[in-house]
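Keep in mind that this is a model prediction, so the values were computed, not measured. Along the sequence shown, the residues carry numbers beginning at 1. Just the heavy atoms: all of them, side chains too, but no hydrogens, waters or symmetry mates, feed the values below.
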Amino acid sequence: MNYENTVKISGLVHFTGRKKDQKYFPFSIRHENLWSDGTTRKDFLDVRAFNPDLQEKLKTLDENALVEISGILRSSKGSGELYLAANEINALDKIEALENKVNLTGYVHVIKAQNEGETGTGKYIRFAVRQENDAGKEFLTVRVYDEALRKILESKNDGEPVEVEGTLRSSRGSGVNYVRCSNLK
């Protein structure tokens with residue numbers, strides 16, 4: 001299977017600590033979303049720049065610089081937490097609306113432990129999109145809030161093909177990144 005794994009996000013650069021001799025430049029994108037109650041929610045989305053040219057470009061940016069990032073989702077080998085592996089970084093002067101779009105294809109991986117939860121925006125079912133690449137298997141965590149999409153997910157078996165469209169988000173409690181599903185096939 002040829003997997004789709006594309007992410008495009010715009011927001012403000014937030015620099016995080018970098019360890020000496022680290023192979024990548026870690027940072028996050030602060031992405032703001034308007035909630036139904038009129039308040040603004042801030043997501044801090046984890047990004048890693050592995051390419052030396054991108055690392056140099058980041059060094060020229062100020063904290064809170066407006067940027068657009070394109071890349072792919074990856075899961076950390078140690079913790080399994082999601083991050084965006086940046087392929088392209090573009091500084092922006094202004095933006096009409098912040099962009100946050102994720103497209104994934106792969107196979108359903110049923111998460112047995114804590115596969116359901118609830119947040120301020122409602123109840124969700126959690127699963128992973130399994131993709132295989134040269135580095136091994138990736139398990140990309142997705143939360144499904146919408147009732148109709150939950151029924152589609154419940155009709156799928158572990159290992160079945162799946163297509164997900166959504167946005168990259170961060171949990172308000174833990175800060176862990178996940179894909180919030182907006183369409184599921």
Gap separating the OG atom of S171 from the CG atom of D43, nearest 0.5 angstrom: 9.5 Å
Are the side chain of N51 and the backbone of L54 linked by a donor-acceptor contact shorter than 3.5 Å? yes
Between R30 and E32, is there a salt bridge with N-O shorter than 4.0 Å? yes
So V142 and F127, do their side chains get closer than 4.5 Å, heavy atoms only? yes
Hey, what do you get for CD1 (I111) to CZ (R126), rounding to the nearest 0.5 Å? 4.0 Å
Heavy atoms, side chains only, cut-off 4.5 Å: are L92 and V67 in contact? no
May I have all residue pairs that pass side chain to side chain donor-acceptor pair (under 3.5 Å) and include part of residues 4-15, sequence neighbours excluded? N5-Q131, H14-E63
Can you find a side-chain donor-acceptor pair between N100 and T167 that sits under 3.5 Å? no
On the 0 to 90° scale, with breaks at 30° and 60°, tag the F25-F15 ring pair as parallel, tilted or perpendicular. perpendicular
Are V176 and L73 connected, step by step, through hydrophobic side chains (Ile, Leu, Val, Met, Phe, Trp, Tyr) whose heavy atoms are closer than 4.5 Å? no
Residue pairs passing the salt bridge (Lys or Arg N to Asp or Glu O under 4.0 Å) test where at least one lies in residues 138-164, sequence neighbours excluded: R74-E138
For the residue pair Y83 and F50, does the interplanar ring angle fall in the parallel (under 30°), tilted (30 to 60°) or perpendicular (over 60°) class? tilted
E132 and R130: salt bridge (Lys or Arg N to Asp or Glu O under 4.0 Å), yes or no, with the steps? CA-CA 7 Å; E132 297 179 28; R130 178 177 51 91; 2.6 Å; yes
Distance-minimising heavy-atom pair for S170 and G175: CB-O, 3.8 Å
For the CG atom of L168 and the CG atom of L45, what is their distance to the nearest 0.5 Å? 4.5 Å
Just by distance, do the side chain of T141 and the backbone of A128 share a donor-acceptor pair under 3.5 Å? no
Hey, is the main chain of P26 close enough, under 3.5 Å, to the side chain of T16 for a donor-acceptor pair? yes
Evaluate the side-chain contact (heavy atoms from CB on, under 4.5 Å) criterion for residues I69 and L84: first the C-alpha distance (whole Å), next the side-chain angles of each, then the deciding distance (0.1 Å), finally the verdict. CA-CA 9 Å; I69 309 286; L84 172 57; 3.6 Å; yes
When rounded to the nearest 0.5 angstrom, what is the spacing between OH in Y178 and OH in Y124? 7.5 Å
In short, L140 meets S75 closest at the heavy-atom pair CD2-N, 4.1 Å
Quick check on the hydrophobic clustering: are Y107 and V162 connected, directly or via other members, by side-chain heavy-atom contacts under 4.5 Å? no
For the side chain of N177 and the backbone of D46, is there at least one donor-acceptor N/O pair under 3.5 Å apart? yes
When hydrophobic residues are tied together by side-chain contacts of less than 4.5 Å, even through go-betweens, does L98 share a cluster with F27? no
Are I125 and V179 co-members of a hydrophobic cluster defined by side-chain heavy atoms under 4.5 Å apart? yes
Can you confirm whether L66 sits close enough to L12 that some side-chain heavy atom of one is under 4.5 Å from a side-chain heavy atom of the other? yes
Rounded to the nearest 0.5 Å, how far does CD of E165 lie from CG of L149? 10.0 Å
What I'd like to find out is whether the side chain of L58 reaches to under 4.5 Å of the side chain of I89, using heavy atoms alone. yes
With ILVMFWY side chains joined below 4.5 Å, transitively, what does I72's cluster contain besides itself? none
In sequence, state the C-alpha distance, the side-chain angles, and the governing distance for V129 and V108, and then conclude on side-chain contact (heavy atoms from CB on, under 4.5 Å). CA-CA 5 Å; V129 173; V108 171; over 6 Å; no
same_hphob_cluster(L104, L153) at 4.5 Å side-chain heavy-atom cutoff: yes
Just by distance, with hydrogens left out, do Y145 and T119 show a side-chain donor and acceptor under 3.5 Å apart? yes
Are N90 and E88 linked by a side-chain donor-acceptor pair shorter than 3.5 Å? yes
To the closest 0.5 Å, what do you measure between OG1 (T60) and NZ (K57)? 8.0 Å
